[in-house]
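Below is one structure; the comments refer to it alone.
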Number of protein chains: 2
Amino acid sequence: MKDETRKFQKFIQKSNLLWSIEREIITNQVFDNHFHFTADDLFIQLNEKGRKISRATVYRTLELLEKSSMVSKIQLASGKHFYEHIFGHKHHDHLICQKCGRMIEFHCEDIEQWQEKISTENNFKMAGHCLKIYGICADCMKKKSKNKPK
Amino acid sequence: MKDETRKFQKFIQKSNLLWSIEREIITNQVFDNHFHFTADDLFIQLNEKGRKISRATVYRTLELLEKSSMVSKIQLASGKHFYEHIFGHKHHDHLICQKCGRMIEFHCEDIEQWQEKISTENNFKMAGHCLKIYGICADCMKKKSKNKPK
DNA sequence: ATTAAGATTGAGACCAAATCTCAATCAGAA
DNA sequence: TTCTGATTGAGATTTGGTCTCAATCTTAAT
Ligand SMILES: [Zn+2]
Ligand SMILES: [Zn+2]
Ligand SMILES: [Zn+2]
Ligand SMILES: [Zn+2]
């Protein structure tokens, strides 16, 4: 079992929930995806591996993974939800190419600090944030090709 | 006709599209909403005024208003879409209360600057951005009541 | 090893938001 | 006035996700 999966198992047990083979399989798959993926990506990957796990269980497990803070959900302007695992990765935000859909990760401590400051000024108890910068990536600027976005 | 509506009419005509009474009614209603609203809010408001305009037309017109850069769409983590008119308002971002759904607007020039800087560093041609800070607002912190989110 | 209590699962029903279809209508140019 | 193409409404469809509930599984207590 992957380290990450074991950590999630501990979370499940601490939360007085039960560990199951489905949760193990899904979690392993989540941590095999080293970039952004959708719930359906995951469902299809599992299917291709011959794992018959229902869509409902995939969604339920992703929700738990989110609660455990090991995975985070990203909403794109297109309305699609992507996930990414964050355990072992430090917090980052995204540059998103409107041409090809490419996502570039970045982290800016100053921006993080300013957000805290603004929240405090507004007597707002910040729990999280979502920053996405939209535009055209370097490749697409060069190519000017019309790759369809994801 | 409102100034804003006239401006949108010009956009429609410049785009080689046709102006229609439905577009006029919807646009007027959009600019009567001085805060955030959903497509359905708009549809209901129009209905209450006795204006029989189909949902499809409301969505289609909001899409055009977005293209004209007079209106922007805000996507919440909950999956709901809100709109707000931006023509005549300066750019701002949002603090969003996870309890009551309240949105507080803010503007932070430093954050704006850092975003430009990051984009440049990544050879990314920034076109726009979306920053949402999630948490609990001052009122909800006090009340601790369980208002349902919008 | 049995049993009981409660959690988890899968299949498919369900849901809300948004988009699509297409015939009827409308706007604007000629 | 006529013509062409754009727009509209009603409802079907799609999408992305949640809910239901009987069957199954996990765990802990006998
Ligand atoms: Zn950040
Ligand atoms: Zn790109
Ligand atoms: Zn609140
Ligand atoms: Zn706003």
Side-chain angles (χ1 to χ4, degrees), chain A residues 1 5 8-27 29 36-47 49-68 71 73-83 149-150, chain B residues 1 5 8-27 29 36-47 49-68 71 73-83 101 148-150:
Chain A
M1 202 194 294
T5 307
F8 181 53
Q9 185 185 25
K10 273 184 199 139
F11 168 85
I12 288 293
Q13 287 163 349
K14 254 192 298 186
S15 310
N16 274 87
L17 299 172
L18 305 181
W19 189 241
S20 71
I21 187 65
E22 289 84 1
R23 287 180 177 167
E24 180 168 334
I25 292 171
I26 292 168
T27 310
Q29 190 65 38
H36 313 93
F37 57 91
T38 64
D40 219 57
D41 287 343
L42 215 53
F43 176 73
I44 291 167
Q45 289 168 8
L46 293 168
N47 246 323
K49 283 192 177 175
R51 262 66 204 261
K52 277 176 248 96
I53 293 179
S54 81
R55 232 172 267 272
T57 302
V58 171
Y59 277 101
R60 285 188 285 232
T61 306
L62 282 170
E63 209 183 326
L64 288 168
L65 278 161
E66 229 194 316
K67 279 201 188 120
S68 79
V71 160
K73 195 197 269 189
I74 312 162
Q75 247 200 342
L76 298 198
S78 69
K80 289 196 180 176
H81 291 180
F82 277 75
Y83 293 85
K150 246 187 170 177
Chain B
M1 202 194 294
T5 308
F8 182 51
Q9 185 184 25
K10 274 185 197 136
F11 169 83
I12 289 292
Q13 286 163 350
K14 254 193 298 187
S15 310
N16 274 86
L17 299 172
L18 305 182
W19 189 242
S20 72
I21 185 65
E22 289 83 2
R23 287 180 179 167
E24 181 170 333
I25 292 171
I26 294 168
T27 310
Q29 191 64 38
H36 312 93
F37 57 90
T38 64
D40 219 54
D41 286 344
L42 215 53
F43 175 73
I44 291 166
Q45 289 168 8
L46 292 168
N47 247 324
K49 283 195 178 174
R51 263 65 205 263
K52 278 177 247 92
I53 292 179
S54 80
R55 234 172 265 273
T57 302
V58 170
Y59 278 102
R60 284 188 287 231
T61 305
L62 281 170
E63 208 183 327
L64 288 168
L65 278 161
E66 227 193 319
K67 277 199 189 124
S68 78
V71 160
K73 194 198 270 189
I74 310 163
Q75 284 198 318
L76 300 198
S78 69
K80 288 199 181 177
H81 294 182
F82 279 75
Y83 292 86
K148 43 201 141 138
K150 251 186 165 178

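Chain naming here is simple, since letters A, B, ... match the order of the sequence lines and numbering starts at 1 in each.
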Could you tell me the separation between the CG atom of Leu18(B) and the P atom of dA29(C), rounded to a whole number of Å? 9 Å
Distance check needed: dT26(D) C1' versus Gln9(A) CD, whole Å only. 13 Å
Considering non-hydrogen atoms only, spot the tightest contact between Trp19(B) and Thr27(B) and give its length. CH2-OG1, 4.2 Å
Any side-chain to backbone donor/acceptor pair from Asp41(A) onto Thr38(A)? Under 3.5 Å, distance only. yes
What does the B/S/- profile of nucleotides 9-21 of chain C look like, 5' to 3', with a 4.0 Å heavy-atom cutoff to protein? BBB-----SSBBB
Distances under 3.5 Å between protein N/O atoms and the N/O atoms of nucleotides 1-4 of chain D, please, pair by pair.
none

Option among Met1(A), Lys14(A), Arg23(A) that satisfies the side chain to side chain contact (heavy atoms under 4.5 Å, CB included) test with Gln9(A): Met1(A)
Ile12(B) has an atom CD1; how far is it from atom C1' of dT7(D), in whole Å? 11 Å
Would Gln75(B) and Lys80(B) count as having a side-chain donor-acceptor pair, cut-off 3.5 Å? no
dT15(D) C1' sits how many Å from Phe43(A) CZ, rounded? 15 Å
Length of the line joining Trp19(A):CH2 and dT26(D):P, which is rounded to integer Å: 12 Å
Quick one: closest heavy-atom pair of Val58(B) and Ala39(B), and the distance? CG1-O, 3.7 Å
Just by distance, do the side chain of Thr57(A) and the backbone of Ile53(A) share a donor-acceptor pair under 3.5 Å? no
Between C1' on dT7(D) and CG on Leu17(B), what's the gap in Å once rounded to a whole number? 10 Å
Is any side-chain heavy atom of Leu65(B) closer than 4.5 Å to one of Phe8(B)? yes
note: Leu76(B), atom CG; dG16(D), atom P; distance rounded to Å ~ 19 Å
Side chain to side chain contact (heavy atoms under 4.5 Å, CB included) evaluation trace for Gln45(B) with Lys49(B): CA-CA 6 Å; Gln45(B) 289 168 8; Lys49(B) 283 195 178 174; 6.0 Å; no
Parallel under 30°, tilted from 30 to 60°, perpendicular over 60°: which one fits the rings of His36(A) and Phe82(A)? perpendicular
Round to a whole Å and report the spacing from CD of Glu24(B) to P of dC26(C). 16 Å
